[in-house]
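Structure record follows, encoded as structure tokens.
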Amino acid sequence: QVQLVESGGGLVQAGDSLRLSCVISGRTSSSYAMGWFRQAPGKEREFVSAISKSGGTTTYADSAKGRFTISRDNAQKTMYLQLNNLKPEDTAVYYCAATTGTTSSLQGFRVDYWGKGTLVTVSS
């Protein structure tokens with residue numbers, strides 16, 4: 001059974017940074033492309049970023065480009081999302097996701113496993 005556990009969320013001010021982590025257990029992490037999604041209050045869940053099984057390919061939503069950086073350490077079975085220059089509109093629950101497919105699969109919401117999420121709140 002694969003489990004994804006996120007951490008690193010919190011309350012910050014606009015312009016601050018956070019680093020989110022997602023630990024995968026149960027299988028070798030390099031078996032999965034992984035990514036981040038977020039869901040703001042009253043809104044649908046949206047794709048944020050994805051990284052390939054090897055870490056060689058990354059993709060970002062337009063809202064994340066230039067401010068967020070995704071990375072992974074397969075030896076540590078951990079994926080990261082560095083959030084810089086945070087804005088109030090980044091306030092959301094951030095979810096980790098994994099797929100046996102590709103980063104394109106994640107962009108298409110073809111997810112095999114979800115984490116329970118970590119809350120990021122950005123005050124103005």
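Everything quoted here is computed from the prediction, not taken from an experiment. Below, each value reflects all heavy atoms present in this structure, side chains not excepted, and no hydrogens, waters or symmetry copies.
Atom SG of C96 sits about 10.0 Å away from atom CG of L81, to the nearest 0.5 Å. Between F68 atom CZ and W36 atom CH2 the span is 11.5 Å, to the nearest 0.5 Å. Of the inter-residue distances, the one linking L20 atom CG with R38 atom CZ reads 11.0 Å to the nearest 0.5 angstrom. Atom CG of D16 is separated from atom OG of S123 by 8.0 Å, given to the nearest 0.5 angstrom.
Residues M79 and L18 share a hydrophobic cluster, clusters being chains of Ile/Leu/Val/Met/Phe/Trp/Tyr side chains in contact below 4.5 Å. Y80 and M34 are not part of a single hydrophobic cluster, where members link through side-chain heavy atoms under 4.5 Å apart. Side-chain heavy atoms closer than 4.5 Å link hydrophobic residues (I, L, V, M, F, W, Y) into clusters, and following such links, possibly through other members, connects F37 to L119. Linking Ile, Leu, Val, Met, Phe, Trp and Tyr residues whenever their side-chain heavy atoms come within less than 4.5 Å places V93 and W114 in a single cluster. Put simply, V23 and L83 are part of two different groups of oily side chains (I, L, V, M, F, W, Y) that touch within less than 4.5 Å, one to the next.
Nearest approach of S21 to T78, heavy atoms of both residues: CB-CG2, 4.2 Å. Listed here is the closest heavy atom pair of C22 and L4: SG-CB, 4.0 Å. The two residues G115 and Y95 make their nearest non-hydrogen contact at O-CD2, 3.5 Å. Closest approach of F47 to L106, counting heavy atoms only: CD1-O, 4.1 Å. Of all non-hydrogen atoms in V111 and A97, the two that sit nearest each other are CG1-CB, 3.7 Å. I51 and T103 get closest at one heavy-atom pair: C-CG2, 3.5 Å.
At least one donor-acceptor pair under 3.5 Å links the side chain of N74 to the backbone N or O of K53. Without hydrogens or angle criteria, T121 side chain to T91 main chain gives no donor-acceptor distance under 3.5 Å. Looking at T99, its side chain does come within 3.5 Å of a backbone N or O of R110 through a donor-acceptor pair. Side-chain atoms of T102 come within 3.5 Å of backbone atoms of S104 as a donor-acceptor pair (strictly under, hydrogens ignored). Side-chain N or O atoms of Y60 include none that pairs as donor or acceptor with a backbone N or O of R67 at under 3.5 Å. In terms of modelled atom types and a separation under 3.5 Å, the side chain of S49 and the main chain of T59 share a donor-acceptor contact.
The residues K65 and D62 are annotated as salt-bridged, a charged nitrogen and a carboxylate oxygen being separated by less than 4.0 angstrom. For E6 and K116, the salt-bridge test fails: no basic side-chain N is under 4.0 Å from an acidic carboxylate O.
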* **S17/N84 under side-chain contact (heavy atoms from CB on, under 4.5 Å): CA gap, chis, key distance, verdict** => CA-CA 4 Å; S17 298; N84 293 331; 3.0 Å; yes
* **Test side-chain hydrogen bond (donor to acceptor under 3.5 Å, both in side chains) applied to D112 and T100, step by step** => CA-CA 7 Å; D112 293 310; T100 55; 3.2 Å; yes
* Please lay out, stage by stage, how K77 and S25 fare under the test side-chain contact (heavy atoms from CB on, under 4.5 Å). => CA-CA 7 Å; K77 294 189 173 183; S25 62; 6.0 Å; no
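No more than 12 heavy atoms of other residues, nucleotides or ligands shown are found within 6.0 angstrom of CD on Q3.
Contact check for Y113 versus I24: no side-chain heavy atoms found under the 4.5 Å cut-off.
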